[in-house]
2 protein chains.
Amino acid sequence: MATEYRDPIESKDKQPRTARGLKTKRKLLDAAALEFGEKGFHEASITGITQRAGTALGSFYTYFDSKDELFSALVKDMSMRVKSHAAGAMTEWQDAFQREKQALEAFMNFAREHKEIYRIIDESEFVDPQSYRLHYEETAKRIFERLQEGSAAGDFRDGLEEAHAWAIMGMNVFLGMRYGIWSEEKSAVDIADLANGILADGIAAKKGQG
Amino acid sequence: MATEYRDPIESKDKQPRTARGLKTKRKLLDAAALEFGEKGFHEASITGITQRAGTALGSFYTYFDSKDELFSALVKDMSMRVKSHAAGAMTEWQDAFQREKQALEAFMNFAREHKEIYRIIDESEFVDPQSYRLHYEETAKRIFERLQEGSAAGDFRDGLEEAHAWAIMGMNVFLGMRYGIWSEEKSAVDIADLANGILADGIAAKKGQG
DNA sequence: TTGAAACATGAACCAACATTCAACTTAGAA
DNA sequence: TTCTAAGTTGAATGTTGGTTCATGTTTCAA
């Protein structure tokens with residue numbers, strides 16, 4: 001038989017059509033987040049995921065095409081969760097500096113409570129580079145918008161570029177890794193204050209010091 | 001037969017003993033850096049490495065115990081190379097700010113010329129977490145020492161902590177990734193200037209602006 | 001009630017390497 | 001020149017784990 005016709009929509013369509021299916025898919029997704037978070041992509045196994053989820057091995061392929069596809073879906077989901085958590089923490093703000101401080105503090109607390117999310121996003125650099133780039137590009141864009149608003153409000157100086165957003169993001173990510181994931185020896189507030197100090201004044205000696 | 005005695009030194013010893021052996025090991029190391037850099041740890045194969053090196057598959061195990069062991073050795077080697085490259089770029093300096101600028105500029109240029117090194121170090125977070133932590137902890141320590149020297153010289157303010165070093169390192173790493181590896185739309189000097197601007201003055205509006 | 005679509009199950013399949021090994025070649029000290 | 005340790009070779013082995021599939025069960029609209 002020649003190559004048979006496949007509806008591109010149908011072929012992608014592994015969405016559950018009943019309440020039962022939805023529940024199973026949810027269980028698999030949650031289990032996968034744990035498994036990937038604990039073991040990393042390559043050490044994680046489909047068997048491990050279905051065991052955690054309490055389903056049969058084969059059920060996995062009812063909802064996902066492959067291990068990679070699942071991981072990719074997960075990265076997008078986590079990316080969104082980080083984003084909305086941060087957004088939720090910055091609803092009200094007086095000045096732009098305080099808003100950045102809140103953003104970092106929220107990020108650090110989120111990282112602590114969801115270490116597996118941090119790991120999945122980070123590992124996507126190698127498993128699903130596209131999603132990785134997208135995640136950070138969008139995050140940088142969001143920071144950049146805040147920078148522009150801050151400039152307009154007179155809190156930040158003029159002429160800030162997207163690269164400034166990348167610098168701030170890098171600061172936040174590394175502080176989150178070191179003081180959020182690796183150890184909790186310092187409080188999120190203290191770290192956020194410290195980072196804010198850099199943004200506010202830099203690290204130069206004050207006039208008359210030294 | 002019971003477990004036989006193995007001299008711990010001998011068992012580790014896969015060092016070449018002739019010029020020929022040394023040359024082969026060198027070829028394997030270089031080939032491995034390329035293979036891991038291009039494909040990542042899991043996609044890379046021993047076969048691919050030995051093919052690049054132009055040796056037989058079995059020769060690999062004359063010099064390395066396993067794929068993991070080789071990767072680990074490579075990470076340590078790369079880490080050292082980054083370190084010494086940066087050190088070489090900071091020999092002479094007037095003020096501490098300029099030194100930091102040179103460090104970032106050197107790092108960015110190095111990343112551009114050796115994208116595979118960047119990738120290998122980054123992937124070690126998942127393949128050899130120990131080496132990954134060690135790399136960044138030592139880098140942070142070195143930055144922190146520079147901060148202290150800068151304070152003593154009257155360029156930087158007092159009271160800088162190790163966390164400041166982590167913040168600066170995060171900035172540098174992300175700027176290196178975005179403007180060194182992903183695209184070269186901006187020159188290393190421009191990015192280094194921009195980062196230095198943050199360290200010097202922060203991003204607050206100047207008095208009388210806005 | 002009923003029948004077809006959706007869903008669940010887990011044994012079996014299979015390809016992809018990492019690793020081993022026994023036979024062979026080369027180097028270089030004596 | 002000779003002999004042994006060092007180095008080379010690549011076919012064979014073994015294991016792991018993603019994916020498939022035939023069979024059985026549940027759901028729910030008509």
Side-chain angles (χ1 to χ4, degrees), chain A residues 1 4 6-7 9-32 35-36 38-74 123 126-128, chain B residues 1 4 6-7 9-29 31-32 35-36 38-74 126-128:
Chain A
M1 186 197 285
E4 67 191 279
R6 320 195 87 222
D7 182 338
I9 291 169
E10 185 192 311
S11 70
K12 256 185 207 171
D13 207 347
K14 295 224 167 184
Q15 295 312 311
R17 291 166 201 287
T18 68
R20 179 168 61 141
L22 198 70
K23 201 172 151 194
T24 302
K25 185 173 182 181
R26 182 77 262 150
K27 283 194 293 180
L28 284 168
L29 239 13
D30 292 342
E35 176 88 357
F36 283 134
E38 265 180 34
K39 304 195 175 178
F41 182 79
H42 294 281
E43 294 298 309
S45 68
I46 310 293
T47 306
I49 293 170
T50 52
Q51 268 170 5
R52 277 176 206 258
T55 73
L57 175 56
S59 291
F60 179 89
Y61 292 92
T62 305
Y63 301 107
F64 305 99
D65 282 327
S66 67
K67 191 184 178 185
D68 289 76
E69 198 238 34
L70 164 65
F71 189 85
S72 191
L74 225 40
E123 194 167 14
F126 305 99
V127 179
D128 181 8
Chain B
M1 186 198 287
E4 67 190 278
R6 318 194 88 222
D7 182 339
I9 291 169
E10 185 192 313
S11 72
K12 256 186 204 168
D13 208 347
K14 294 224 170 186
Q15 295 312 311
R17 292 167 200 284
T18 68
R20 180 167 61 141
L22 199 70
K23 202 172 152 193
T24 302
K25 185 173 182 181
R26 182 76 262 150
K27 283 195 294 181
L28 285 168
L29 240 13
E35 175 89 356
F36 284 134
E38 264 178 36
K39 304 195 173 175
F41 182 80
H42 294 282
E43 295 297 309
S45 68
I46 310 293
T47 306
I49 292 170
T50 53
Q51 270 170 4
R52 279 177 205 257
T55 74
L57 175 55
S59 291
F60 179 88
Y61 292 92
T62 303
Y63 301 107
F64 304 100
D65 283 328
S66 67
K67 191 184 178 184
D68 289 75
E69 197 238 35
L70 164 65
F71 189 84
S72 192
L74 226 39
F126 305 100
V127 178
D128 180 10

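Quantities reported herein were computed from a predicted structural model and do not represent experimental measurements. Protein chains get the first letters and strands the later ones, always in sequence-line order, with residue 1 at the start of each.
- The listed nucleotides are C:dA6, C:dG28, C:dT20; the one nearest the side chain of A:T18 is C:dA6.
- Relative to the ring axis of A:F64, A:K14 does not place its NZ or CZ within 45° and under 6.0 Å from the centre.
- Taken from CG in B:D128 to CG in B:L74, the straight-line distance is 11.0 Å, to the nearest 0.5 Å.
- Nucleic acid contact for A:G58: base, since at least one base atom lies under 4.0 Å from a heavy atom of the residue.
- A:F60 places its CZ atom 15 Å from the P atom of D:dG17, with the value rounded to the nearest Å.
- Note: B:Y61 OH to B:L28 CG = 11.0 Å, rounded to the nearest 0.5 Å.
- Within the 4.0 Å cut-off from OP1 or OP2 of C:dC7, not a single side-chain nitrogen or oxygen of A:S59 is found.
- The heavy-atom pair separating B:K67 from B:A44 by the smallest distance is NZ-O, 2.9 Å.
- Across the protein-nucleic acid pair, A:D68 atom CG and D:dG17 atom C1' stand 13 Å apart, rounded to whole Å.
- Rounded to whole angstrom, the span from the CG atom of B:L22 across to the P atom of C:dG28 amounts to 12 Å.
- Applying the side-chain hydrogen bond (donor to acceptor under 3.5 Å, both in side chains) criterion to A:E38, with sequence neighbours excluded, gives A:R52.
- Separating the NZ atom of A:K23 from the C1' atom of D:dT26 is a distance of 13 Å, rounded to the nearest angstrom.
- In this structure, A:F41 and A:D68 have side chains that are in contact, with non-hydrogen atoms separated by less than 4.5 Å.
- Separating the NZ atom of B:K25 from the C1' atom of D:dA6 is a distance of 15 Å, rounded to the nearest angstrom.
- Against DNA chain C, the stretch residues 40-56 of chain B makes heavy-atom approaches under 4.0 Å through B:A44, B:S45, B:I46.
- Rounded to an integer number of Å, the gap from B:L28 CG to D:dT8 C1' is 11 Å.
- The phosphate of C:dA8 (OP1 or OP2) has a side-chain N or O of A:Y63 nearer than 4.0 angstrom.
- Nearest nucleotide to the side chain of B:Y61, out of C:dT19, C:dA11, C:dC7: C:dT19.
- Picking from D:dT19, D:dA12, D:dG7 the nucleotide with the shortest atom distance to the side chain of A:K67 gives D:dT19.
- We find the CD1-CZ distance between B:I46 and B:F60 to be 4.0 Å, quoted to the nearest 0.5 Å.
- Using a 4.0 Å heavy-atom criterion, one finds that A:F64 contacts no nucleic acid atom at all.
- In this structure, NZ of B:K39 is placed 13 Å from C1' of C:dA16, rounded to the nearest angstrom.
- Of the candidates D:dG7, C:dC7, D:dG18, the closest approach to any side-chain atom of A:R17 belongs to C:dC7.
- In this structure, the CG atom of B:L70 is 10 Å from the P atom of C:dT19, given to the nearest Å.
- Residue B:R20 places no side-chain N or O under 4.0 Å from the OP1 or OP2 atom of D:dG7.
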